[in-house]
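Just so it is clear, the values below take in all heavy atoms, side chains as well, and ignore hydrogens, waters and symmetry mates.
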Amino acid sequence: MIMMNRYELVPSPVFIDKFSFTLNIDESDEEGLTSMVLDGLRGNDRLFQPISGEWRLNSYCYQFMFDLDRAQGSKCRVYLKPYRENYAFLRFEFNPHKAGAVGFDSISMMLALMLQDRSDNYLYEATVTRLDVASDIPDVRPDDLLVYASGFRKSQTVYNHDGSGLETIYIGHPEGKRRFCVYDKQLEQRERYNRRVPPMTRAEVRLFHRMHPLELRHLPNQLDALRIIDGRNFPDRSELSTNVNFFLDSCRYRGVTAALQAIDSRATRRSYRRRLQELDEAGHWNPTTIWNAGWADAVNPILRLFHVEEIPTTRRRRRRRRRRHPMTEPSTTDR
């Protein structure tokens, strides 16, 4: 008897983990704005903290940051006066998930201070340049998952320094407008901040295409292509054929996308894709439910920052489905 559904993925609703926007400033205001920032930096004003080398951008001349939430260690980084002509004059970058209401108030006050009576006009012409939308999956590591994205042929896997386990899975071209990143959040917190947290995997989509803040209100589901399958529910490896075991090992070390591309036979590739789709349908990763449950709450504070009408919040319940296990029970077309 094959045991199934012993484990269940319980992903959180989506939240925005990183957000940046730029503003084009009139030449008549550039000199005064730059002077104000330089005076704050030289005067050791707490509001204008210098940015450490880790977060500096070589494309901008002047850079500073200010606190959003000290308990969370959340800050907003500000860059101004670019070296390149095709860059906007002013850039803001922060983590909305850690900012909180006080943090967004701080950003609004900083914008009002820097832009003065023309802040509304400049914010109306703002451009979103980076948007990271994430969902956390507790009690699971990337090693336990099969991850791929429909329609994406480029993938990369990164292992821990000691080679003990999978650290990150990238899907999509590094210079593309949309890229998926599934990584070990527990390892990141331990190595970067020396924090002890339970096992957790973060699934993230990174958007680099430029858009107006108004477009955030109507942004379609950006997780729609991402597929995550819980490999912990697979039966004992001894019950699987040699070819299936080899494919699963290849998925783990190279990623599902690369493992499929390494198979020469088109019929075999179609068979594995079909079985992966069946596993996906029987799993608990539902991009539509995850997106709908969290997008309005995640984006509304940002929309308020730009004086854009908010999204009504809605909640949908997820239905659980139990299916046969495709890796051990092939369909009749495979026999």
Please check: side-chain N/O of Arg217 versus main-chain N/O of Glu310, any donor-acceptor pairing under 3.5 Å? yes
With a 4.5 Å limit on heavy-atom distance, are the side chains of Cys181 and Thr168 in contact? yes
Apply the test salt bridge (charged side-chain N to carboxylate O under 4.0 Å, His left out) to residues Lys185 and Asp136: give CA-CA distance (whole Å), side-chain angles for both, the deciding distance (0.1 Å), then the verdict. CA-CA 8 Å; Lys185 187 64 179 177; Asp136 285 336; over 6 Å; no
Ring-plane angle category for Trp291 and Trp295, please: parallel below 30°, perpendicular beyond 60°, tilted otherwise. parallel
Indicate the atoms forming the closest heavy-atom contact of Pro138 with Val10, along with that distance. CD-O, 3.2 Å
Relative to each other, are the rings of Phe64 and Phe48 parallel, tilted or perpendicular (30° and 60° limits)? tilted
For Tyr122, the ring-ring contact (aromatic ring centres under 6.0 Å, His included) test, sequence neighbours excluded, returns none
For Val133, the option from Asp17, Val205, Asn221 that meets side chain to side chain contact (heavy atoms under 4.5 Å, CB included): Val205
Indicate, with yes or no, if Leu113 and Tyr62 share a hydrophobic cluster defined by side-chain heavy-atom contacts under 4.5 Å among Ile, Leu, Val, Met, Phe, Trp and Tyr. yes
Kindly check if the number of other-residue, nucleotide or ligand heavy atoms within 6.0 Å of OH (Tyr124) is above 12? no
In terms of the angle between their ring planes, are Tyr159 and Tyr253 parallel, tilted or perpendicular, with boundaries placed at 30° and 60°? parallel
Between Phe92 and Phe66, how do the two ring planes meet: parallel, tilted or perpendicular, split at 30° and 60°? perpendicular
Residue set satisfying side-chain contact (heavy atoms from CB on, under 4.5 Å) with Met211, at least two apart, ordered chain then number -> Val128, His209, Glu215, Leu216, Leu219
Counting only pairs under 3.5 Å, give me each side-chain donor-acceptor contact of residues 146-155, with atom names and distances, residues two or more places apart or in other chains.
none

